[in-house]
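Below is one structure, written out as structure tokens; comments come after it.
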Number of protein chains: 2
Amino acid sequence: MSTPERLIESTRELLWERGYVGTSPKAIQQRAGAGQGSMYHHFSGKPDLALAAVRRTAEEMRATAEAQLSGPGTAVERISAYLRRERDVLRGCPIGRLTQDPEVVASPSLRQPLEETFAWLRGRLAGILAEDRPRDGLAAGLDPDDTAATIVAVLQGGYVLARAAGSAEPFDRAVNGVLGLLTARTTAA
Amino acid sequence: MSTPERLIESTRELLWERGYVGTSPKAIQQRAGAGQGSMYHHFSGKPDLALAAVRRTAEEMRATAEAQLSGPGTAVERISAYLRRERDVLRGCPIGRLTQDPEVVASPSLRQPLEETFAWLRGRLAGILAEDRPRDGLAAGLDPDDTAATIVAVLQGGYVLARAAGSAEPFDRAVNGVLGLLTARTTAA
DNA sequence: GTCTATAGGGTGATAGAC
DNA sequence: GTCTATCACCCTATAGAC
């Protein structure tokens, strides 16, 4: 792996673990096995390197989500497959995490990949909910855009609750809960 | 306001804005208008001061939530009042925010107030859902604990989406979405 | 109870040799 | 392209005067 690649990968890991404020150039260099001068040769500084790292993480997250969401099945089945896929819950979401960093949200270029990722995900879920509605058990009164936002929020909030509890249990409960709400009307009534 | 009080209040503000890693004793002292020695006289250090600040924020958050949740109305009405109360959405949740801080979750004493706050909130919501179920329109198949976790996750995730978007819109959509899911069965079917 | 002085280490970044 | 040296500043904390 080339030096720039190793620097980007190290930055991705550290941003996930410690956030932007908690990640120092020195820590990046040490993890990448690169010297100070090497880092400043390939990148103009910490913001530049972070931008490359965040863009790659956002790309990867979108590709992973698309894999589950483009699978077979009804709307609820595909959403269930996405929500229940294996996740390292206590590590949290590498994109959602950055949302709490004041320097990230204050920087338009750093915030942009976060905004685009969640906008895409919400739109993708809303499309699935809308297209599958006629032949599925979903209630006719549900707004696809609102419901999609709820599903993404459950994921992101599930990570928060899990980290507070030091356990994946609240995440799993939140996912079960929203899937129960999405399917209850077909089994109840 | 006494010096210890001012130090605690300053720490609360800074923890909300910048998190634990992003908050320095120096910044706390400056905001509180207190000197270095003054801070170390009243508190043993940054962790001690942070603990006092986090405990107070957790207490306050619980009291605020209880005010909405103990109001009149059906389960859905009380939960709706809680979810839709006025919030400074882009500031995020002062407790949920700390969940992303590696040094907070690594410290049992600092994590404890977070864990207790969300455990209480989930339990409170589960109780409301369970007790009100017979005479309300909620589906019999819904698990109160799972549904409660979903509601809290929607709040916490709503903050995440709002900060990523730089707008309260996704938060409001997520709240509308979960309330739609909770009430759809009474209007549909 | 508050102050200043000081410590040892880290921060983000630049300069210039190799 | 990578290295080491150096910069000015900030970090958390302690010491001891007042």
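Order of the sequence lines sets the chain letters (A, B, ...), proteins ahead of strands, with each chain counted from 1.
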- prompt: dC10(D) C1' sits how many Å from L14(B) CG, rounded?
  reply: 15 Å
- prompt: Which ones in residues 37-45 of chain A lie close to DNA chain C, meaning a heavy atom under 4.0 Å from one of its atoms?
  reply: Y40(A), G45(A)
Atom-pair distance (CD on Q36(A); C1' on dG16(C)), nearest Å: 14 Å
message: So, does T3(A) get its side chain near the phosphate of dT2(D), meaning an N or O under 4.0 Å from OP1 or OP2?
response: yes
query: Under 3.5 Å, is there a donor-acceptor pair between the side chain of S107(A) and the main chain of E103(A)?
result: no
- prompt: Is a side-chain donor or acceptor of R6(B) paired with a backbone partner of A32(B) at a separation under 3.5 angstrom?
  reply: yes
- request: Taking only the side-chain nitrogens and oxygens of S24(A), find out if one of them lies under 4.0 Å from OP1 or OP2 of dT11(C).
  value: yes
- prompt: Nearest-Å distance, CE (M1(A)) to P (dG1(D))?
  reply: 18 Å
query: Among R97(B), E13(B), R62(B), R12(B), which residue meets the side-chain hydrogen bond (donor to acceptor under 3.5 Å, both in side chains) test with T57(B)?
result: R12(B)
- prompt: Taking the side chain as C-beta and beyond, is there a heavy-atom pair between T64(B) and R85(B) under 4.5 Å?
  reply: yes
task: Using only side-chain N and O atoms of K26(A), determine if any of them is under 4.0 Å from OP1 or OP2 of dT11(C).
output: no
query: Quick one: is the NZ or CZ of R87(B) closer than 6.0 Å to the six-membered ring centre of Y82(B), and within 45° of its axis?
result: yes
- request: Tell me whether the guanidinium CZ or amine NZ of R111(B) lies under 6.0 angstrom from the six-membered ring centre of Y20(B) and within 45° of its axis.
  value: no
message: Tell me the interatomic distance from K46(A), atom NZ, to dT14(C), atom C1', rounded to whole angstroms.
response: 18 Å
Interatomic distance, E103(B) CD vs dG10(C) P [rounded to whole Å]: 14 Å
- prompt: In whole Å, what is the span from the CD atom of Q29(B) to the P atom of dG1(C)?
  reply: 17 Å
- request: For S2(A), report the nucleic acid contact type (base, sugar-phosphate, nothing); a contact means any heavy atom under 4.0 Å.
  value: nothing
